[in-house]
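First comes the structure, then the notes that go with it.
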Amino acid sequence: VVRTNPKTGRQKRMLRLAIGARSQLCPVERGFKMVVVVEATHAYEHLDLPLLNRFEKQRFEYEDALDAEQQKVVERTKAWVAAVNKQAGVPQVFVGIGEGTIESLVLERPEPKAILQELAQLASPVAVMQASLLQEVAADYFQTHTSFPAAVAALLADPADLAVAGMLLTYSPVPHLDPGTVNLGGLEGVGA
């Protein structure tokens, strides 16, 4: 909104700022620009179209922040994930993994081995039993997933890495599994 003072002819630029049910006009400088940062899914599912149409939209994904070497690590990691998925033969190998997970791990952890170890901790117990690639990376998986205290102790083992986001998966006896879902390699009475 541009307001003009009728006596002086001076123009004053105003912005209507609304938060919840309250709105108010605020003065802004001539070159004022606004940046709205919103998760893409939230913007598409919850924001009104008139609001979206007022702004130039630009998407910034994790992959946009990767350099060439990090992109190579992402490609190798995705190839490893595909090989693990094929080897495990279960519907869901990595629980909680989504679009951008691998890219964000590469940005956070520079060592490729650390990335694979982090992903292995998100694997389902049945997948770890089935996939030798996972077993190579996470030899201690079943020691750290035996109980809640063991999992918490493993998560808190490195005091420098207390910004932990994780999912706790403990393994359980396998007789409840659907025999058609998994091949447990000759365990009697299961998968036969």
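Position 1 is the first residue of the sequence; numbering continues from there. Only heavy atoms go into these numbers, but all of them, side chains included; no hydrogens, no water, no symmetry mates. Here the structure is a predicted model, which is why all the values come from computation and not from measurement.
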Taking atom [atom1] of [X] and atom [atom2] of [Y], what is their separation to the nearest 0.5 Å?
X      : Y      : atom1 : atom2 : answer
Gln130 : Gln135 : CD    : CD    : 9.0 Å
Leu107 : Leu66  : CG    : CG    : 4.5 Å
Arg54  : Asp48  : CZ    : CG    : 9.5 Å
Asp67  : Gln70  : CG    : CD    : 4.0 Å

For [X], side chain to side chain contact (heavy atoms under 4.5 Å, CB included) partners two or more places apart:
X      : answer
Ala114 : Arg109, Glu111
Ala127 : Ala88, Val90, Val93, Ser124, Leu134
Lys72  : Glu69, Arg76
Leu52  : Ala43, Leu47, Leu49

| Taking only residues two or more places apart in sequence or in another chain, which ones pass salt bridge (Lys or Arg N to Asp or Glu O under 4.0 Å) with Lys78? | Glu103
| request: With sequence neighbours excluded, tell me which residues meet salt bridge (Lys or Arg N to Asp or Glu O under 4.0 Å) with Glu99. | output: none
| message | Using the rule given for side-chain contact (heavy atoms from CB on, under 4.5 Å), can you reason through Ile102 versus Glu118, listing the C-alpha separation, both sets of side-chain angles and the distance that settles it, and then say yes or no? | response | CA-CA 10 Å; Ile102 293 173; Glu118 190 86 19; over 6 Å; no
Donor-acceptor contacts, no H, no angles, side chain residues 7-16, under 3.5 Å, sequence neighbours left out:
{"unit_1": "Thr8", "atom_1": "OG1", "unit_2": "Arg10", "atom_2": "N", "d": "3.3"}

Apply side-chain hydrogen bond (donor to acceptor under 3.5 Å, both in side chains) to [X] and list each qualifying residue two or more places apart in sequence or on a separate chain.
X     : answer
Gln87 : Ser132
Glu61 : Arg59
Gln58 : Glu56

| query | What closest approach, in Å, do Gln121 and Ala138 show between heavy atoms, and which atom pair accounts for it? | reply | NE2-CB, 4.0 Å
| pair Met129-Phe142: side-chain heavy atoms closer than 4.5 Å | yes
| query | Pairs in or reaching into residues 45-95: which pass ring-ring contact (aromatic ring centres under 6.0 Å, His included), with residues at least two apart or in two chains? | reply | His42-His46
Show me the donor-acceptor pairs within less than 3.5 Å that the side chains of residues 18-41 make with the rest of the protein, sequence neighbours left out.
{"unit_1": "Arg22", "atom_1": "NH2", "unit_2": "Gln24", "atom_2": "OE1", "d": "3.2"}

